[in-house]
Amino acid sequence: MVKLSNYFLFTKREDPAEAEVISHKLMLRANMIKKLSSGIYLFLPVGWRIFKKLEAIIREEMNKAGAFEIYMPAVHPATLWRQTGRWDIYGNEMLKFTDRNGRECCFGPTHEEVVTWLAAQEVKSWRDLPFTLYQIQVKFRDEIRPRFGVMRSREFIMKDAYSFGKSQDELNEAYDSMYKAYWRIFSRCDLDFKVVEADTGAIGGADSHEFIVLANTGESKIVYCPRCGWAANTERAELKEFKFKKAKYTEKKEINTGEAKTVEEVAKKLETDPSEIAKSVVFTVTFKSKNGEFYDENVMCVVRGDREVNEIKVQNFLSKLKDETVMGLKMYTGEDLPFGNIGPLGFDGMILLDNSLKFIDYFIVGANKEGYHITGIKAGDLKGDNYHWGDFAEAKAGDVCPKCGEALNESRGIEVGHIFKLGIKYSEKLGATFVDKDGKEKPIIMGCYGIGVARTVASIIEQKADKFGCIFPHTVSPFTVGVIDLKANNESSAVALNLYQNLKAKLFNPAILAEDVLLDDRDESPGVKFADADLMGVAYQVVVGRSFVKEGKVELKVRETGERLKISPEEVVDKITEFINHKNKSIEERIRSCPLT
RNA sequence: CGGGGCGUAGCUCAGUCCGGUUAGAGCGCUGGCUUCGGGAGCCAGAGGUCGCAGGUUCGACUCCUGUCGCCCCGACCA
């Protein structure tokens with residue numbers, strides 16, 4: 001029985017001071033979540049119902065994709081994480097502690113180590129493969145700055161899946177099947193999302209895609225091609241060519257640029273385009289060598305002046321080049337360099353040159369001397385053992401699509417899902433091997449696949465909310481139907497109760513082990529009831545009030561479209577079923593648009 | 001980790017600069033009456049060790065020191 005008169009719901013009229021973005025404000029106001037401490041939240045009945053409905057969708061799709069559900073512990077021994085080297089790499093984001101016996105532990109930020117340990121324990125033969133395991137479980141990541149409510153919280157629940165196979169083909173197959181499952185999951189949430197090529201970050205591996213919900217408040221930036229559909233995270237987007245520029249200064253010459261330091265200042269002073277200035281940035285890069293020692297090295301990165309350096313690309317390039325782990329990089333802060341006048345000619349150290357510099361005939365570099373720059377430099381002038389050409393620039397709108405040449409669009413979004421082809425990165429280190437048909441012992445080939453469950457809920461709100469509150473499709477709405485009893489007269493309440501009984505029998509939802517219908521029987525004014533139903537995002541609202549007294553009809557309102565119908569109480573169940581079927585059809589259509597079939 | 005801001009009733013905030021009786025408002029809450037289609041009205045009421053700990057002072061919500069918590073920005077292009 002969900003009668004609001006005795007339900008646990010305390011909605012707020014005003015925006016809480018602590019919230020910045022719409023989804024966070026609404027989740028707090030609708031009493032879906034409650035903050036206990038920075039980045040740590042309780043889920044309350046309304047919020048937990050939404051969560052449970054989404055969780056059930058995820059579980060259903062994972063099972064349909066052939067994955068097996070398990071549950072792994074939150075607390076892990078340090079030894080496992082030391083074996084993969086991630087005890088250090090994960091750094092302060094991992095919550096570490098020591099138990100009463102002095103054993104070092106961590107609260108798991110992810111589960112590659114544990115699940116690979118499991119596979120190492122159990123898998124022996126090629127006959128045992130392939131399989132995919134998943135769990136919906138709590139994680140802890142001690143984020144630098146938790147933000148936006150449950151969108152970036154420290155403790156959070158993630159669906160994480162791990163595939164194990166004996167060949168690249170089997171990995172590809174598992175990867176594609178997760179891709180399709182994710183497509184179905186986010187389609188069933190009625191989300192507008194894009195799948196983009198992504199960087200693999202701390203998890204590691206080769207191929208990777210992110211599922212990004214388009215929203216202006218998102219923390220991810222993506223570029224996508226309006227013609228061929230190619231899309232990538234700007235951190236990752238491989239750029240092959242740039243719009244070619246012609247330089248104003250073609251003569252090689254040292255010139256006085258005085259106080260001009262930034263690219264913009266120098267370009268203004270020389271009355272030319274910023275793209276003609278080479279932007280030189282020096283990083284202090286911390287490496288971890290094979291024998292576990294940390295050391296720093298200064299590396300210069302040079303991009304065309306209209307570009308920005310992409311640190312992740314720099315990091316990935318360096319770790320591949322040296323075959324060592326890059327722990328991180330910072331801007332170099334030493335006093336010995338003439339900042340604003342530094343350049344790749346005569347710099348003592350490794351120099352990374354971005355391909356964008358090849359798309360201008362001549363450019364201007366810092367002279368490594370206070371107040372001076374050198375004009376008329378060609379890409380060919382930068383030669384030597386310490387020079388490395390590569391892709392180090394961040395993609396942005398207007399860039400050339402590497403697949404078809406069209407100008408790219410840029411958008412912001414929220415990363416709700418991420419899939420990786422891990423390969424043998426973890427299985428090798430943790431001894432997860434199998435004996436193949438040829439009698440040889442080989443490492444298992446792995447993939448991993450994650451969804452932020454609460455983040456997905458927040459992103460639905462973020463993308464759909466209006467001035468009245470949350471909007472959900474019935475698939476994840478806290479209540480598919482809300483019967484609002486305005487207590488117009490004695491008879492009307494009986495009709496409302498009756499409607500509620502009929503609907504809840506029909507709309508019992510096994511996902512939440514409860515009926516999916518709400519009865520607002522509170523002694524409140526009509527405005528309060530309408531406002532609360534809208535705030536929570538009740539998908540279909542049946543109002544029993546004035547029109548019932550006048551004409552014996554109730555009003556059916558569709559939250560998403562605002563559409564209102566006056567119908568007799570007998571028609572309500574059929575009409576709602578009709579709306580739901582219609583919505584399901586459009587969701588089906590979205591599912592069918594998946595590029596993988 | 002650096003910078004900024006905030007902490008006063010359940011919530012949103014005044015008051016603090018310039019120390020001085022019983023610390024305020026709106027919303028919410030309790031009781032009563034009226035009302036009943038988009039956050040109703042009137043009346044009566046409850047609710048606060050002013051984040052915490054020290055200090056200065058005849059006197060501290062107010063000034064000083066420390067501490068805890070929360071939020072925002074930055075930690076990236078010289």
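Below, chains carry the letters A, B, ... as their sequence lines are ordered, and counting in each starts from 1. Note that the coordinates shown come from a computational prediction; the quantities given were computed from them, not determined experimentally.
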Which atoms of nucleotides 25-30 of chain B (N or O only) lie under 3.5 Å from a protein N or O atom, and what are those distances?
from  : atom 1 : to    : atom 2 : distance (Å)
B:G26 : N2     : A:E14 : OE1    : 3.3
B:G28 : OP1    : A:R13 : NH2    : 3.1

Contact list (N/O, under 3.5 angstrom) for nucleotides 74-76 of chain B vs protein:
none

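Not a single donor-acceptor pair under 3.5 Å links the side chain of A:N502 to the backbone N or O of A:V573. At distances below 3.5 Å, not a single donor-acceptor pair connects side-chain atoms of A:D485 with backbone N or O atoms of A:D520. Judged by distance alone, the side chain of A:T234 and the main-chain N or O of A:K221 form a donor-acceptor pair under 3.5 Å. Looking at A:D466, its side chain does come within 3.5 Å of a backbone N or O of A:G469 through a donor-acceptor pair.
Between A:V303 and A:R29, it is A:R29 whose nearest contact on RNA chain B lies nearer the 5' terminus.
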Passes salt bridge (charged side-chain N to carboxylate O under 4.0 Å, His left out), A:R304 versus A:E276? Steps please. CA-CA 7 Å; A:R304 204 169 76 177; A:E276 192 170 341; over 6 Å; no
Can A:R152 and A:E219 be said to form a salt bridge (charged side-chain N to carboxylate O under 4.0 Å, His left out), step by step? CA-CA 10 Å; A:R152 178 172 295 279; A:E219 296 182 283; 2.8 Å; yes
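The CG-C1' distance, from A:L28 to B:C71, rounds to 13 Å in whole Å. In this structure, A:N92 places its CG atom 16 Å from C1' of B:G2, rounding to the nearest Å. When the C1' atom of B:A40 is taken as reference, atom CZ of A:R522 falls 15 Å away, rounded to whole Å. Atom CZ in A:R307 sits about 17 Å away from atom P in B:C77, given to the nearest Å.
A side-chain donor-acceptor contact under 3.5 Å links A:S568 and A:E571.
Between A:S38 and the phosphate of B:C71, there is a side-chain N or O to OP1/OP2 separation shorter than 4.0 Å. Phosphate proximity of B:C70 to A:S37: present, with a side-chain N or O under 4.0 Å from OP1 or OP2.
Classification of the A:F287-A:Y295 ring pair by plane angle, with boundaries at 30° and 60°, yields parallel. By the 30° and 60° cut-offs, the orientation of the rings of A:F10 relative to A:F8 is perpendicular.
The side chain of A:E20 lies closest to B:C72 when the candidates are B:C70, B:G39, B:C72.
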